[in-house]
Amino acid sequence: EAQVTQNPRYLITVTGKKLTVTCSQNMNHEYMSWYRQDPGLGLRQIYYSMNVEVTDKGDVPEGYKVSRKEKRNFPLILESPSPNQTSLYFCASSNFLRGSYEQYFGPGTRLTVT
Amino acid sequence: GNSVTQMEGPVTLSEEAFLTINCTYTATGYPSLFWYVQYPGEGLQLLLKATKADDKGSNKGFEATYRKETTSFHLEKGSVQVSDSAVYFCALYNNNDMRFGAGTRLTVKP
């Protein structure tokens, strides 16, 4: 089954404790992206990757890091989380480079930073 | 730059009512336009899309027409069901840039 998986689904952590949210897709998509969803703001892009070893900032990259060492994985790293990073996070992938603009989304990770 | 503006919610309708959710966009050139739906506790999934002017996207009884002259892509359904209750996002893709609207929450009451 074609899918995007994220782990963990729920995470409660404390300020400053490094964490990683994993994302994996099994569709051989070149493009992957991270979004955060906040009430009234819709989805805002954090980082995206057009292919392996190619990453770029989205609209709200501050406080986040990503890496793309393999095509299927695109982890999101919060080196020193702060309460304003409490949000719902989505990973997505797509075949943009092959002219298909549909994005496939993971189920989401709800992060709470206290 | 690219942007999407959609009508604010929440929207509450009775079953079998007509639905319209307005969406307008700003973009240079010819963006592709999308409607995504998010059911409770799930990620977004594509509902329909249109890639050029005057195209009509349709799926599950929902329709939207790409209107370049009014830069709009309004979502419509003739008769909503309780199962259509969800959050709907208008989105565009243009020059490697993906933009989403703020989302409109729809609640359909029996």
Side-chain angles (χ1 to χ4, degrees), chain A residues 1-7 9-10 21 23-25 27 29-51 54-61 76 87-110, chain B residues 1-10 21-27 29-52 55 57-59 64 66 73 75 86-106:
Chain A
E1 179 191 354
Q3 60 182 352
V4 178
T5 57
Q6 295 178 227
N7 282 292
R9 294 289 312 276
Y10 302 91
V21 183
C23 173
S24 182
Q25 51 95 3
M27 295 167 279
H29 287 165
E30 286 87 5
Y31 180 95
M32 297 185 74
S33 181
W34 276 102
Y35 298 90
R36 59 179 288 173
Q37 182 180 11
D38 300 291
L41 297 176
L43 270 71
R44 294 180 293 168
Q45 192 175 53
I46 303 170
Y47 270 95
Y48 65 95
S49 169
M50 298 297 281
N51 215 325
V54 180
T55 62
D56 226 330
K57 296 177 180 178
D59 293 324
V60 288
L76 179 69
S87 187
L88 180 58
Y89 292 86
F90 288 101
C91 180
S93 72
S94 178
N95 248 336
F96 282 170
L97 295 181
R98 298 181 194 278
S100 171
Y101 305 122
E102 174 180 358
Q103 290 202 77
Y104 293 80
F105 284 82
T109 296
R110 186 166 293 281
Chain B
N2 302 313
S3 68
V4 176
T5 303
Q6 64 181 101
M7 74 186 258
E8 293 186 24
I21 302 179
N22 291 336
C23 172
T24 57
Y25 68 89
T26 301
Y30 300 91
S32 294
L33 302 174
F34 309 85
W35 277 100
Y36 283 83
V37 59
Q38 184 182 30
Y39 297 106
E42 299 183 10
L44 281 71
Q45 54 187 275
L46 182 67
L47 179 60
L48 54 84
K49 67 181 180 184
T51 57
K52 61 183 188 295
D55 265 3
S58 60
N59 186 24
Y66 188 145
F73 193 55
L75 182 68
V87 181
Y88 292 82
F89 292 90
C90 186
L92 72 78
Y93 175 78
N94 191 34
N95 294 329
N96 293 334
D97 187 25
M98 188 82 201
R99 295 283 163 175
F100 289 84
T104 302
R105 181 177 298 279
L106 170 67

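Within every chain, numbering begins at 1; the chains are lettered A, B, ... in the order of the sequence lines, protein sequences first and strands thereafter.
- Each of A/Gly58, A/Pro107, A/Ala92 has some count of heavy-atom pairs under 4.5 Å with chain B, and the biggest count is that of A/Pro107.
- The local environment of CZ in A/Arg110 is sparse, with at most 12 non-hydrogen atoms from other residues, nucleotides or ligands closer than 6.0 Å.
- With a 4.5 Å cut-off on non-hydrogen atoms, A/Leu43 touches chain B through its backbone and its side chain both.
- With a 4.5 Å cut-off on side-chain heavy atoms, A/Tyr35 and B/Met98 count as touching.
- Partners of B/Tyr25 by side chain to side chain donor-acceptor pair (under 3.5 Å), not counting sequence neighbours: none found.
- Minimum interatomic distance between B/Ala102 and A/Gly40 (heavy atoms only, all atoms of both residues): CB-O, 3.7 Å.
- B/Tyr36 places a side-chain N or O within 3.5 Å of a backbone atom of A/Gln103 that can act as its donor or acceptor partner.
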Evaluate the side chain to side chain contact (heavy atoms under 4.5 Å, CB included) criterion for residues A/Phe90 and B/Gln38: first the C-alpha distance (whole Å), next the side-chain angles of each, then the deciding distance (0.1 Å), finally the verdict. CA-CA 12 Å; A/Phe90 288 101; B/Gln38 184 182 30; 3.2 Å; yes
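- Within 6.0 Å of the OH atom in B/Tyr30, the count of heavy atoms belonging to other residues, nucleotides or ligands does not exceed 12.
- Shown here for A/Phe105 and B/Leu44, the closest heavy-atom pair between the two residues is CB-O, 3.3 Å.
- Within the 4.5 angstrom heavy-atom criterion, no atom of A/Asp56 approaches chain B.
- Listed by chain and number, the residues in a ring-ring contact (aromatic ring centres under 6.0 Å, His included) with A/Tyr47 amount to none (sequence neighbours excluded).
- Only the side chain of A/Arg9 comes within contact range of chain B, judged by heavy atoms closer than 4.5 Å.
- In this structure, CD on A/Glu102 lies 11.0 Å from CG on B/Leu47, to the nearest 0.5 angstrom.
- Within a 6.0 Å sphere centred on CD of B/Glu8, other residues, nucleotides and ligands contribute 12 heavy atoms or fewer.
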